[in-house]
Amino acid sequence: MIISRQKDKRELLHHLDGKHKLFLVGCGACATACKAGGEDELFQMQEWLALHQREVTGSLVIEEACHIMRAARDLRQHRVAVEEADALLVLTCGAGVQSISSNTEKRVIGALDSLFLGNVRRLGQYEEKCSLCGDCILNETAGICPVTTCAKGLLNGPCGGMEEGRCEADRERDCAWLLIYQRLTRQGRRGVFARVVPNKDWSRRHQPGKHRV
Amino acid sequence: MSQLSEKLAAGEFVVTAEIAPPKGVSLEQELSLAQTLAPLVTAINVTDNQGANLRMAPLAAAALLRQRGIEPILQMTCRDRNRMALQSDLLAAAALGIENLLLLSGDHPRFGDHPQARPVFDLDSVQLLQAARTLMAGEDLSGRPLQSSPVFFAGAAVAPEAEPFELMMQKVHKKAASGARFFQTQAGFREAPLLRFMEEAKPLGVPVILGVLLLKNARMARYLNDHIPGVRVPEEIIARLESAADPLALGIELARDLVALARRHCQGVHLMTLGCEDRIPRILC
């Protein structure tokens with residue numbers, strides 16, 4: 001899921017300058033799980049806005065805000081409240097914000113920062129494991145992604161900063177290459193250590209990305 | 001042919017030192033330091049935004065050394081440039097008569113003076129070694145022919161004391177297989193890990209230049225442990241520096257012992273004397 005967190009309230013206040021009436025949008029999927037843009041957070045946002053003399057014309061939690069057509073349909077059902085607002089305050093990831101902005105000419109204010117594609121350890125504890133690079137070498141790295149979990153995204157083993165198996169960039173973390181090496185060793189195979197991994201093909205990460213099945 | 005490659009091929013013990021380009025535009029101080037070092041060493045490394053701190057590009061400093069008849073080892077890291085910029089700088093280096101390279105991943109920007117910078121690492125150090133080799137063979141990384149090809153003597157860094165040892169060695173093997181013609185080691189202070197490394201590295205046939213860092217006092221040793229990735233000064237040495245009447249004299253003695261160790265087991269030493277270059281003759285004697 002996409003991990004997001006609410007922007008600093010001072011920053012948000014700056015974006016709200018001159019906007020008195022707001023329509024709130026949340027997301028029932030990732031932003032809800034991140035406690036950043038679900039029903040509860042919309043309610044708290046409404047209270048905070050009231051403290052700052054802002055009026056909320058209505059609110060809506062879209063099941064999956066990244067769904068462009070669904071966002072359009074849901075917004076249509078709240079046409080009057082949306083029309084009445086000076087701006088839409090959107091508590092979703094950046095993808096959700098753009099579903100909304102592609103469906104209205106109103107000013108759209110994003111209230112969250114999107115952090116990464118995250119795996120869930122438990123609710124509230126998220127870890128980045130995949131960076132969607134389009135050129136996956138997990139089959140050679142015992143299912144641990146160095147592109148994402150090595151601080152430098154190295155492909156051929158640890159850097160000179162590894163110390164006692166810890167990462168140069170964060171001594172609290174195990175070096176990703178240590179974990180890869182240990183698991184490959186337990187599996188009795190050499191994997192990525194059997195060859196020099198060639199230069200990464202970044203062209204496989206299509207930007208702007210589009211995929212049709 | 002670079003002197004460094006000739007001497008190593010002839011089995012001669014080499015001495016290298018290093019200078020860091022200035023954080024500014026005047027190279028006077030660095031060049032005069034290099035002039036002082038020149039008679040004592042085979043070649044001088046020129047560091048590349050070391051510790052992820054912004055400085056003048058080492059290409060300029062290395063070219064100026066070359067102009068003054070001093071042989072440089074151009075350090076190049078993968079942190080700040082993508083594969084096009086790296087290849088383009090490699091070609092420029094060759095055009096400026098720079099042959100020796102030390103190809104590195106580079107410290108993470110998090111440590112330096114631009115922690116907000118986007119780290120590149122488009123290639124890793126192994127792939128950069130291959131890039132240099134590919135250019136030497138007359139092609140770029142896309143397989144397109146060059147109009148003329150460079151000649152390099154490319155080396156790589158190794159950290160003999162890194163643990164786990166077997167994991168670190170995997171990368172050393174890849175570096176050798178990718179065209180590393182010499183290794184310069186991270187500063188080491190202990191004999192046992194070095195001997196273990198030399199034993200494992202011997203079959204690769206790549207000469208090893210031992211990194212010897214002059215410790216000036218206990219405070220500096222602690223700073224290295226806390227801030228320089230991959231450098232570990234043993235507590236026992238820190239304690240000795242702390243109680244020494246003349247810590248610098250002790251540091252020189254320790255460095256001399258390491259040079260003696262290198263003469264027995266390695267093919268050269270890389271001296272990091274950090275402002276005490278006048279002590280190099282004492283360290284080498």
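Just so we're clear, the structure is a prediction, and the values are computed from it rather than from any experiment. Residue numbers begin at 1 in each chain, while the letters A, B, ... track the order of the sequences.
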* To do: Measure B/Phe165 against the heavy atoms of chain A and call it side chain, backbone, both or neither at under 4.5 Å.
  => neither

* Using a cut-off of under 4.5 Å on heavy-atom pairs, state which of A/Gly165, A/Cys159, A/Ala169 scores highest against chain B. => A/Ala169

* Tell me, for B/Val231 versus chain A, whether the close heavy atoms (under 4.5 Å) come from the side chain, the backbone, both or neither. => backbone

* Nearest heavy-atom neighbours spanning B/Ala154 and B/Leu103 -> CB-CD1, 4.1 Å

* Structure fact -> All heavy atoms of A/Leu112 vs all of A/Ala31, minimum pair found to be CD1-CB, 4.1 Å

* B/Pro164 portion near chain A, given a 4.5 angstrom heavy-atom threshold -> both

* Verify the neighbour count for atom CD1 of A/Ile68: are there more than 12 heavy atoms of other residues, nucleotides or ligands below 6.0 Å? => no

* Structure fact -> Sequence neighbours excluded, the answer for side chain to side chain contact (heavy atoms under 4.5 Å, CB included) partners of B/Ala157 is B/Leu104

* Structure fact -> Sequence neighbours excluded, the answer for side chain to side chain contact (heavy atoms under 4.5 Å, CB included) partners of B/Leu258 is B/Phe189, B/Val212, B/Leu261

Below 3.5 angstrom, are there any donor-acceptor pairs between chain B and chain A, and if so, which atoms and how far apart?
unit_1: B/Arg83; atom_1: NH1; unit_2: A/Lys200; atom_2: O; d: 3.2
unit_1: B/Arg83; atom_1: NH2; unit_2: A/Lys200; atom_2: O; d: 2.6
unit_1: B/Gly106; atom_1: O; unit_2: A/Lys152; atom_2: NZ; d: 2.7
unit_1: B/His108; atom_1: N; unit_2: A/Glu168; atom_2: OE2; d: 2.9
unit_1: B/His108; atom_1: NE2; unit_2: A/Ala151; atom_2: O; d: 3.4
unit_1: B/Arg110; atom_1: NH1; unit_2: A/Ala169; atom_2: O; d: 3.3
unit_1: B/Asp122; atom_1: OD1; unit_2: A/Trp202; atom_2: NE1; d: 3.1
unit_1: B/Asp124; atom_1: OD1; unit_2: A/Asn156; atom_2: ND2; d: 3.4
unit_1: B/Asp124; atom_1: OD2; unit_2: A/Leu155; atom_2: N; d: 3.2
unit_1: B/Asp124; atom_1: OD2; unit_2: A/Asn156; atom_2: N; d: 3.1
unit_1: B/Asp124; atom_1: OD2; unit_2: A/Asn156; atom_2: ND2; d: 3.0
unit_1: B/Gln127; atom_1: NE2; unit_2: A/Val197; atom_2: O; d: 2.9
unit_1: B/Gln127; atom_1: NE2; unit_2: A/Pro198; atom_2: O; d: 2.9
unit_1: B/Glu163; atom_1: O; unit_2: A/Glu164; atom_2: N; d: 3.4
unit_1: B/Glu163; atom_1: O; unit_2: A/Gly165; atom_2: N; d: 2.9
unit_1: B/Gln170; atom_1: OE1; unit_2: A/Arg190; atom_2: NH2; d: 3.2
unit_1: B/Lys171; atom_1: NZ; unit_2: A/Gly157; atom_2: O; d: 3.3
unit_1: B/Lys171; atom_1: NZ; unit_2: A/Pro158; atom_2: O; d: 3.1
unit_1: B/Lys174; atom_1: NZ; unit_2: A/Asn156; atom_2: OD1; d: 2.9
unit_1: B/Lys174; atom_1: NZ; unit_2: A/Val192; atom_2: O; d: 2.8
unit_1: B/Lys174; atom_1: NZ; unit_2: A/Arg195; atom_2: O; d: 2.9
unit_1: B/Gly230; atom_1: N; unit_2: A/Glu163; atom_2: OE2; d: 2.9
unit_1: B/Arg232; atom_1: NE; unit_2: A/Glu163; atom_2: OE1; d: 3.2
unit_1: B/Arg232; atom_1: NH2; unit_2: A/Glu163; atom_2: OE1; d: 2.6

* Where do B/Leu135 and B/Ser149 come nearest, in terms of heavy atoms and distance? -> O-CB, 3.4 Å

* Asked: Should B/Leu215 and B/Leu224 count as side-chain neighbours, where that means a heavy-atom distance under 4.5 Å?
  -> yes

* For A/Phe116, which residues count as a ring pair (Phe, Tyr, Trp, His ring centres under 6.0 Å) partner, sequence neighbours excluded? -> none

